[in-house]
Amino acid sequence: MDTKQRAVSRLIAQAGQMLLAHGAESALVGSIMERIGLACGMDEVEVSLSASSLVVTTVNRGHCITTARRCADRGINMRVVTQVQRICIMLERGIIDDYLAQHKLNQISPERYNRWLVVVMIGLSCAAFARLAGGDWAVFGMTFIASAVGMIVRQEIGHRHFNPLLNFTVTAFVTTAISVQAYIYNIGNLPTLVMASSVLMLVPGVPLINCVADMLKGYVNIGIARFVMASLLTLATCLGIIAAMSVFDVWGWLL
């Protein structure tokens, strides 16, 4: 029985580690971990979460096991989150046991969209915003080019595992450096709109949403940590934008 409890404890910890590392909100992480433990026959499951680690305790027939895991940020990936949720549901319905659940959990990989598809869609989304805000097709085209190139830079830096703050700063600088050309050469009816729209891909939307959700649901410490990280990413983006404006001496967006 102790062997089973140790295996279940590792299963719970690994599931929570994957959820927290790939952007799930804290309430969901705690709920899934507890449900997995109870579905595997544990009498009680207690979970303690922080911004970069977790501690889980399982109780079975009076025997207690506690394990801790570090949770490095591996980027937002909802596929991992939904796959872990599916495993939890299958456990609760008795479709699989803890051994098969562990096997399925080990098989989960954070698959991502084709990088060029992401580049095109990011470019189109920023360009569509510029168009909706009143820009003409020239503004649309310049916004698409600036944001698409910026996304390529972001992917390349991220692929080399540089600090996210450096990534956002460099990406914002390159994107703004391209978009200011529309202002310098007076391309389109609202060239300053290119500068504002092309950097929208750097808005840390998911961390900001999760930080509010965490604080509203009682995970104040994690919510504050996520808010601070989102604020630092926003600051890094602003530094890159200001640096590019200073280099080209273009301040039309701020005037």
Side-chain angles (χ1 to χ4, degrees), residues 16-33 47-54 70-82 84-85 110 112-113 118-119 121-130 132-133 143 146-148 150-151 153-155 157-158 161-176 179 193 195-245 253-254:
Q17 188 179 32
M18 295 177 71
L19 289 170
L20 202 60
H22 288 95
E25 63 174 277
S26 302
L28 177 64
V29 176
S31 173
I32 292 296
M33 293 175 69
V47 178
S48 176
L49 301 175
S50 71
S52 59
S53 63
L54 60 86
R70 294 188 63 182
C71 304
D73 183 10
R74 302 191 182 279
I76 307 300
N77 195 306
M78 290 297 107
R79 180 183 184 276
V80 174
V81 175
T82 55
V84 175
Q85 287 179 292
R112 304 184 187 279
Y113 291 109
V118 173
V119 168
M121 295 310 296
I122 288 294
L124 287 176
S125 63
C126 293
F129 182 87
L132 290 172
T143 304
S147 55
M151 191 63 198
V153 172
R154 179 177 174 180
Q155 289 175 336
I157 297 176
H161 305 290
F162 280 89
N163 187 288
L165 300 178
L166 177 63
N167 189 339
F168 273 56
T169 301
V170 174
T171 302
F173 178 87
V174 172
T175 305
T176 304
S179 64
L193 193 58
M195 301 168 62
S197 301
S198 59
V199 292
L200 289 177
M201 61 175 175
L202 297 173
V203 175
V206 174
L208 288 172
I209 293 172
N210 281 346
C211 80
V212 174
D214 287 344
M215 287 188 282
L216 289 176
K217 295 177 183 179
Y219 296 89
V220 178
N221 291 336
I222 302 179
I224 292 174
R226 285 178 165 171
F227 176 77
V228 171
M229 188 60 192
S231 299
L232 289 174
L233 292 174
T234 303
L235 175 61
T237 301
C238 293
L239 290 176
I241 294 172
I242 296 299
M245 288 181 171
W253 184 22
L254 303 179

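In this chain, numbering begins with 1 at the start of the sequence shown.
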Closest approach of [X] to [Y] (non-hydrogen atoms, all atoms of both residues):
| X | Y | answer |
| --- | --- | --- |
| Met33 | Gly16 | SD-CA, 3.5 Å |
| Ala24 | Leu28 | CB-CD2, 4.1 Å |
| Ala51 | Ala225 | CB-CB, 3.5 Å |
| Phe129 | Ser197 | CD2-OG, 3.5 Å |
| His22 | Val81 | O-CG2, 4.1 Å |
| Glu25 | Lys217 | OE1-NZ, 2.6 Å |

For Thr175 and Met201, what are the C-alpha separation, side-chain angles and deciding distance, and is it a side-chain contact (heavy atoms from CB on, under 4.5 Å)?
CA-CA 10 Å; Thr175 305; Met201 61 175 175; 3.4 Å; yes
Start with the C-alpha distance between Gln155 and Val119, add both sets of side-chain angles, then the distance that settles side-chain contact (heavy atoms from CB on, under 4.5 Å), and finish with yes or no.
CA-CA 9 Å; Gln155 289 175 336; Val119 168; 3.5 Å; yes
Met78 CE: over 12 foreign heavy atoms closer than 6.0 Å
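Yes, because the 6.0 Å sphere around CE of Met78 holds more than 12 heavy atoms from other groups.
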Do other residues, nucleotides or ligands put more than 12 heavy atoms under 6.0 Å from Arg70 CZ?
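No.
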At what distance, to the nearest 0.5 angstrom, does [atom1] of [X] lie from [atom2] of [Y]?
| X | Y | atom1 | atom2 | value |
| --- | --- | --- | --- | --- |
| His161 | Asn167 | NE2 | CG | 12.0 Å |
| Ser26 | Leu49 | OG | CG | 5.5 Å |
| Leu202 | Thr237 | CG | OG1 | 4.5 Å |
| Ser50 | Leu20 | OG | CG | 7.5 Å |
| Asn210 | Ile76 | CG | CD1 | 6.5 Å |
| Phe168 | Leu239 | CZ | CG | 13.0 Å |

Residues Leu165, Leu233; criterion side-chain contact (heavy atoms from CB on, under 4.5 Å); working and verdict:
CA-CA 6 Å; Leu165 300 178; Leu233 292 174; 3.7 Å; yes
Who pairs with Arg154 by salt bridge (Lys or Arg N to Asp or Glu O under 4.0 Å), at least two apart in sequence or on another chain?
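If we apply the salt bridge (Lys or Arg N to Asp or Glu O under 4.0 Å) test to Arg154, skipping adjacent residues, there are no hits.
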For Arg79, does its backbone N or O pair with a side-chain atom of Thr82 as donor and acceptor, under 3.5 Å?
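Yes, the answer is positive, given that a donor and an acceptor are paired below the 3.5 Å cut-off.
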Is a side-chain N or O of Ser147 found less than 3.5 angstrom from the main chain of Thr143, in a donor-acceptor match?
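Checked: pair present.
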I want to check something: taking the side chain as every heavy atom from C-beta on, are Met195 and Ile241 in contact at a cut-off of under 4.5 Å?
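A side-chain contact under 4.5 Å is absent here.
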Answer yes or no: is there a side-chain heavy-atom contact under 4.5 Å between Val228 and Leu232?
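Counting from C-beta outward, Val228 and Leu232 do come under 4.5 Å.
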Which is it for Val80 and Arg74 under the side-chain contact (heavy atoms from CB on, under 4.5 Å) test, yes or no, and what are the steps along the way?
CA-CA 11 Å; Val80 174; Arg74 302 191 182 279; over 6 Å; no
